[in-house]
Amino acid sequence: MSKFTLVIHGGAGTILKEDMTPELEKAYQEGLQQALDAGYAVLEEEGSAVNAIKAAIVILEDNVLFNAGRGSVFTKKGVQEMDAAIMDGSDLEAGSVAGVRNVRNPIELAAEVMRNSNHVFLSGKGANDFAIKQGIKLEPDEYFFSQFRYDQWKSIRDSDNYSLDHTHQRLEELMKDKKFGTVGAVACDQKGNIAAATSTGGMTNKKYGRIGDSPLIGCGTYANNKTCGISCTGHGEMFIRTVAAYDVSCLMEYKGHSLQEAMHIVVHDKLLKIGGEGGMIGVDAEGNAALVFNSAGMYRGMKSSDGSSHIALYR
Ligand code: ASP
């Protein structure tokens, strides 16, 4: 049995203790802990990395505090359009969905694309049709309504601004106070198989069918047993332009860097050079974990069979 590990995130950005109430801080910590426990239990019972990350992400998608599933932000049209991806590092199978609506757990749909379609990436109405065909659970619009997300959207909906979650501010303020949503999980199971997944509502007030990095294999999500699994969060456009998740894998495979070193190079050098704020979580084939971000904070947690475990919000 090799060391097994689960890491999760719930978004990165200007997450500062002074902006947090004790109640909200506790709610975030509890939400992360629940997800971590659910995913880790799967690994402990000799379940697969894929099943462990799905279990963790479903809990985060069901939690209104996180910008994914139920807590997804509003688009310019006042609806929720969600993106998700999952990748199995043991066989490089992958499944993604983009711009889906009313799907309770987009990660379940992405997994269904991975296992039961001949495709990797489905979008919009077609992805929704596939969800119906596969019996994936749908919810009415009201399920996805939350007052704080609505207020967040209302404050910018009449402008061309778009914003990166968990904020009530306008763009000018956003630029100095960025917070990103999105949830992610990466695991290495007892057999040494790695898997990674990411799920998001994207950006508040997004339009023209904007899609971020989260569902793009190699950008926001990647897994390969030879190297690592990665899930990203942050300003998606920059993570797409740097092919961030795959770049970590390449730095390990072709240059011999450790997971921590490779993530450090991508997050603190390559992303920062083009103004890419955010972070990523990763696990390598030995079950080592790394959680790296260049923003003020990242909602995050890790638990490993070597006894290490933590939840943290700030730098
Ligand atoms: N990366 C996500 C996106 O650009 C947002 C986030 O991580 O908060 O859609």
Side-chain angles (χ1 to χ4, degrees), residues 7-15 28 31-32 57 60-61 63-69 71-76 80-86 96-100 106-107 110 121 123 149 152-153 156 161-167 169 171 174-175 177-186 196-222 230-248 266-267 270-271 274-282 291-300 313:
V7 281
I8 60 168
H9 72 74
T14 312
I15 298 162
Y28 275 112
L32 290 167
I57 294 226
L60 295 168
E61 285 178 337
N63 186 334
V64 77
L65 284 179
F66 299 99
N67 174 20
S72 291
V73 297
F74 285 79
T75 67
K76 181 83 182 167
Q80 284 76 27
E81 290 175 359
M82 300 166 283
D83 309 331
I86 187 162
S96 305
V97 292
V100 295
I107 202 64
F121 199 174
S123 73
R149 295 266 185 246
Q152 174 184 18
W153 171 61
I156 61 168
N161 297 342
Y162 55 87
S163 77
L164 287 149
D165 191 38
H166 295 318
T167 177
Q169 292 124 329
L171 192 63
L174 271 168
M175 286 299 118
D177 187 17
K178 290 185 213 151
K179 293 191 183 87
F180 306 91
T182 297
V183 305
V186 184
T198 313
S199 180
T200 188
M203 298 160 108
T204 297
N205 214 34
K206 64 185 180 182
K207 56 182 179 177
Y208 308 128
R210 181 266 181 191
I211 308 289
D213 60 313
S214 310
L216 295 181
I217 298 301
C219 298
T221 309
Y222 187 72
I230 297 285
S231 170
C232 303
T233 174
H235 199 147
E237 279 68 9
M238 290 31 156
F239 285 73
I240 295 172
R241 289 162 56 200
T242 52
V243 199
Y246 184 59
D247 199 21
V248 173
V266 174
V267 172
K270 296 191 176 199
L271 276 164
I274 58 166
E277 190 184 349
M280 54 172 69
I281 56 171
L291 304 93
V292 180
F293 52 99
N294 61 33
S295 46
M298 179 165 80
Y299 301 119
R300 62 199 187 278
L313 312 185

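Counting starts at 1 for both ligands and their atoms, following the listed order. It should be emphasised that the depicted structure is a prediction, and the values quoted were computed from it without experimental measurement.
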Please determine, by modelled atom types, if T198 and S214 share a side-chain donor-acceptor pair under 3.5 angstrom.
->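 Their side chains do not contain a donor-acceptor pair, so the 3.5 Å distance test is not met.
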Ignoring hydrogens and angles, state whether a donor on the side chain of S199 or E61 is under 3.5 Å from an acceptor on the partner side chain.
->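 Result is yes, a qualifying pair exists.
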Subset of ligand 1 atoms that lie under 4.0 Å from at least one heavy atom of [X]:
{"X": "G236", "result": "1 (N), 4 (O)"}
{"X": "S214", "result": "1 (N), 2 (C)"}
{"X": "G202", "result": "9 (O)"}

Go through the steps for L32 and I8 under the test side chain to side chain contact (heavy atoms under 4.5 Å, CB included), then give the verdict.
-> CA-CA 8 Å; L32 290 167; I8 60 168; 3.9 Å; yes
Does the N or O separation between [X] and ligand 1 drop below 3.5 Å for any pair?
{"X": "T233", "answer": "yes"}
{"X": "D213", "answer": "yes"}
{"X": "M203", "answer": "no"}
{"X": "T182", "answer": "yes"}

If hydrogens are left out, which of E277, R210, K206, M280 has an atom nearest to atom 3 (C) of ligand 1, that is, the closest non-hydrogen atom?
->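 Heavy atom nearest to atom 3 (C) of ligand 1 belongs to R210.
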What pair of heavy atoms forms the shortest contact from V248 to M280, and how long is it?
->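 Here V248 and M280 meet closest at CG2-SD, 3.6 Å.
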Can you label the angle between the Y28 ring and the Y299 ring as parallel, tilted or perpendicular, going by 30° and 60°?
->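 Judged by the thresholds at 30° and 60°, the geometry between Y28 and Y299 is parallel.
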With no hydrogens and no angle check, is any side-chain donor or acceptor of R149 less than 3.5 Å from a backbone partner on F74?
->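 Judged by distance alone, no pair lies under 3.5 Å.
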Would a 4.5 Å heavy-atom cut-off, applied to side chains only, mark N67 and T200 as touching?
->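 The answer is yes, as the side chains (C-beta and beyond) meet within the 4.5 Å cut-off.
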Of all the heavy atoms in G11, does at least one lie under 4.0 Å from an atom in ligand 1?
->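 Not so, G11 does not reach ligand 1.
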